[in-house]
Amino acid sequence: MNTEKKLSVKNLTISFRTSNGKVQAVRGIDFDLYKGETLAIVGESGSGKSVTSKAILGILAGNSIVEGGEIIYDGKDLLKISEDDFHKIRGDKIAMIFQDPMSSLNPIVRIGRQLTEAMILKGKARQKESRKNFNDKLGLLCENMKKALAPNDPEKAKEIELKCKQFDKFEYKHLDLEKEYNLAHEAASEAVFDLENLIFELSKNSKRDLNYRINNDKKLALKSIQKYVVNERAEELKTLVSTISSEYSKSKKSDDFTGLMDVLTKVKDILSEALTFTQPNFFSMGYYLTYSNQELPDMNVEELNAFLRKYLDDNFMLEFIKEEKEAIIYSANESYREKEEAITFLRNNMDVFKKDNLNKAECIAAWKSLSKEVREGIDKLELVKDSFAYTFSSGLKTEIDAYFTAIVKNEKETKRFNRDTVKYNKLKEKGKDPDWKVIPAAISDLELKKYNIVHQVERLCEHYENKIKTRDSRDYDAEAIAMIDYLKEQASGVVTKVTPTMAKNKAIKLMEEVGIPEPRKRYRQYPFEFSGGMRQRIVIAIALAANPDILICDEPTTALDVTIQSQILELINDFKKRRDLSVIFITHDLGVVANMADRVAVMYAGKIVEYGTSDDIFYHAAHPYTWALLSSMPDLDTNEKLDAIPGTPPNMIYPPVGDAFAQRNKYAMKIDFERQPPMFKITDTHYAATWLLHPDAPKIDPPKAITDRIERMRRRRGENNAE
């Protein structure tokens, strides 16, 4: 299994304020999600599965209370970042497939628009962000180069400024060249995509929107004529395009489209060939055309790229990278010095948050001074942002605000509870029987809130100490090269535009990938014109449009019949393998995840009660609740009546003192009603929170229905392996 963590959830605790009291939905859960794996979270309705997924995506209800914990993604605590920061993650990096596809789609908007809207909007946002990133980073680099190499040398400082301006100037030429190329290349790509579909449809005697599509493809084909796209065969392409209209007229009269298809195929072949050509190095070309005062040499693109790269390196880039490296080292050393000072300052000023009763003015003042120290320690030239440092100020302020807000709400709740209790008791004293109950006071744990504040500071200190320990392992040569690549990438992002046509083509390709028949026709339809399974495929396509790192599937097959369930599961599995996705699969049905989960977390009453690999859970289950879920799961060989789990889940306004499953557990012992069991380690991959694993507990074997099923599964697995 890949050991790269994509997501880490630590001690997550979430409650909800309701008219009946505070519901403790998630109670201190921990799990990690690794790159390329599927983690299934299984449990009955109300166990906290969906609340966990919504917390990861930042879409909890307004009455939610995040009591504590962390959700770490890409170095960021998702519980602490701003909505603006979350907007860059939600949908792009972490996507979600919801339970009911009909409620996930807008019923009065065509499917095509729902697929493309986000692509176009995010494409525009990326263009603006790329321009800002380029300008900001080049400006910072220039300032640090002057500090590192010319602290007291005005002439050297002017020379450095000139080099940075030269870099900026030839980047503008690079952008002009790449923009011109992109327009022609995108036109060729769009034309090929449509021509392939058009030729296929004509072969099947379909002539939908024929006139419009032919005229559009003619425009795209001519637009693709450019020095590095369609060049040597430009005249041939122009001639073919000029004959399309006459061939179309002949075909309409004779109702024989063979001649038109032949011309369209030739146009498609020229454009397809152009799409395989090597792309010129416009970055190096921009420098050459800006400063050489010479025409480009007459070479093929591969030779030209090598020539231009050598010219750029010899005349500018190697020296620039050398000086840039000194700037990166200077910025890093200054940052390490500030970090060492920040650690001392943070530890010395932490006591203000450890008092029995916190003072709001003192806490706000401490927050401001601590935030200032942390900001000064940030190395702004680092390409991979230190998210712990960047989110420290907002995270600490969030925790401080949560503490003082809880004080006010606790006081209000206590007064309300006392008032209602007095009123209720007076009615009882008068011999009346009230038809209402006193709602328990929804009291937040102030000690936990204080711990969260202190933990924010301690965590950053530990993080800084680890950064300082590993400072000698940094490869500044690689970082200098990466900086140039970053600037080139941001510059290219300015001219990489997502047009409506590009978005439409991508949407149609996605619809094909997820198994939607006749995607061009379906593109213009409304959600009600799709079956439940097809709607879920559309939702999957929308989720995958931005190529996310993590895909959360919240009961995606619940509303579908068994056959369609299987197809959707296979589809998700296929995309996971092809795109190396990390998947969190939420379900109440263990049978659904049997063939797709790498690891399984079994949740009950807001806690993870068992955690292990798929084999651990299905072949070596240890918690009575997992046994109960397995016993209620049908299979082809089961002839006996399935076991139902007796009773109902506990009321989480009043969570049980001991094991939450004890009331429904026929194997429960006295201690189960008195103390919550810890998470016992069974193997390196398998853990369960049940007192049955305690060394002093009696030996209890799983129910016979489960042992029989395990034996059948092992036999079947052996037969499959033998085949």
Side-chain angles (χ1 to χ4, degrees), residues 3-13 28-35 55-56 66-82 85 89 331-355 358 362-403 445 447-475 479 679:
T3 57
E4 179 188 344
K5 284 185 187 178
K6 298 302 295 182
L7 187 80
S8 186
V9 175
K10 301 176 183 177
N11 196 32
L12 182 63
T13 305
I29 67 170
D30 301 85
F31 65 84
D32 296 317
L33 177 69
Y34 295 91
K35 184 176 177 63
I56 294 170
V66 179
E67 307 272 16
E70 301 169 342
I71 303 175
I72 307 298
Y73 169 75
D74 193 25
K76 301 178 182 70
D77 185 350
L78 300 184
L79 297 176
K80 307 294 189 304
I81 62 175
S82 67
D85 289 332
I89 295 173
S331 179
N333 288 336
E334 286 295 298
S335 174
Y336 286 126
R337 181 181 60 78
E338 294 284 357
K339 283 180 172 65
E340 288 172 345
E341 292 178 5
I343 291 169
T344 303
F345 188 86
L346 290 169
R347 294 202 184 282
N348 289 342
N349 290 272
M350 201 189 301
D351 289 344
V352 70
F353 303 123
K354 294 182 177 179
K355 296 179 179 179
L358 304 189
E362 287 181 356
C363 287
I364 294 299
W367 163 69
K368 288 179 179 178
S369 58
L370 295 178
S371 298
K372 180 175 178 292
E373 285 294 319
V374 172
R375 279 196 302 272
E376 290 174 354
I378 291 174
D379 183 359
K380 293 182 179 178
L381 276 186
E382 273 190 316
L383 292 180
V384 180
K385 287 186 176 180
D386 184 354
S387 298
F388 280 94
Y390 276 95
T391 60
F392 173 78
S393 181
S394 61
L396 183 61
K397 182 65 163 54
T398 299
E399 297 297 354
I400 292 170
D401 288 346
Y403 175 84
D445 186 343
E447 288 302 313
L448 178 59
K449 301 288 184 189
K450 277 167 56 177
Y451 167 80
N452 291 340
I453 295 171
V454 174
H455 181 61
Q456 283 284 311
V457 183
E458 289 178 338
R459 189 182 70 159
L460 186 69
C461 289
E462 291 170 5
H463 174 67
Y464 271 2
E465 286 167 349
N466 290 332
K467 294 272 281 187
I468 291 167
K469 284 178 187 175
T470 58
R471 64 185 296 179
D472 293 335
S473 63
R474 286 180 64 170
D475 185 347
E479 288 186 33
M679 191 68 83

dist Glu338:CD -> Ile378:CD1 (nearest 0.5 Å) comes out at 11.0 Å

For salt bridge (charged side-chain N to carboxylate O under 4.0 Å, His left out), just list the numbers for Lys469 and Glu465, CA-CA rounded to whole Å, side-chain angles, deciding distance to a tenth of an Å, and then say yes or no. CA-CA 6 Å; Lys469 284 178 187 175; Glu465 286 167 349; 5.9 Å; no

Measuring from Ile400:CD1 to Leu358:CG, what's the distance to the nearest 0.5 Å? 8.5 Å

In the structure I gave you, are the side-chain heavy atoms of Met350 and Leu370 within less than 4.5 Å of one another anywhere? no

Spell out, as yes or no, whether a donor-acceptor pair under 3.5 Å connects the side chain of Ser371 to the backbone of Lys368. no

Between Arg347 and Cys461 the two heavy atoms that sit nearest each other are NH2-CB, 3.4 Å

Any chance OH of Tyr451 has more than 12 other-residue heavy atoms, nucleotides or ligands included, within less than 6.0 Å? no

If I compare all heavy atoms of Phe31 with all of Ile29, which pair ends up nearest, and what's the gap? CE2-CD1, 4.0 Å

Under the salt bridge (charged side-chain N to carboxylate O under 4.0 Å, His left out) test against Asp32, which residue among Lys5, Lys6, Lys10 passes? Lys5

Pairing residues for Lys380 by the side-chain hydrogen bond (donor to acceptor under 3.5 Å, both in side chains) criterion, not counting sequence neighbours: none

d(Thr398 OG1, Leu79 CG) to nearest 0.5 Å is 9.5 Å

For the residue pair Gly28 and Asn11, what are the closest heavy atoms and their distance? CA-OD1, 3.4 Å

Sequence neighbours left out, what passes side-chain hydrogen bond (donor to acceptor under 3.5 Å, both in side chains) with Glu462? Give chain and number order. none

Please round to the nearest 0.5 Å and tell me the distance separating atom OH of Tyr403 and atom CG of Asn452. 12.0 Å

Might you point out which heavy atoms bring Ile89 and Ile81 nearest each other, and give the distance in Å? CD1-CD1, 3.9 Å

So, taking the atom named OG1 in Thr391 and the one named CG in Leu460, what distance separates them when rounded to the nearest 0.5 Å? 8.5 Å

Of all the heavy-atom pairs spanning Tyr464 and Ala342, show the shortest one and how long it is. CE2-CB, 4.0 Å

Between the CH2 atom in Trp367 and the CG atom in Asp401, the distance rounded to the nearest 0.5 Å is 8.0 Å

Using a 4.5 Å cut-off on heavy atoms from C-beta on, say whether the side chain of Val374 contacts that of Leu346. yes

Just jot down the side-chain hydrogen bond (donor to acceptor under 3.5 Å, both in side chains) partners of Ser335, sequence neighbours excluded, or say none. Lys339

Go through the structure and list residues passing salt bridge (charged side-chain N to carboxylate O under 4.0 Å, His left out) with Lys355, not counting sequence neighbours. Glu362

Which residues satisfy the side-chain hydrogen bond (donor to acceptor under 3.5 Å, both in side chains) test with Glu399, sequence neighbours excluded? Lys80

Below 4.5 Å, heavy atoms only, C-beta onward: do Asp386 and Phe392 meet side chain to side chain? no

Tell me, please, which residues at least two apart from Arg459 pass side-chain contact (heavy atoms from CB on, under 4.5 Å). Glu70, Ile72, Asp77, Phe388, His455, Gln456

Taking only Lys NZ, Arg NE, NH1 and NH2, and the carboxylate oxygens of Asp or Glu, determine whether Glu340 and Arg337 approach each other closer than 4.0 Å. no

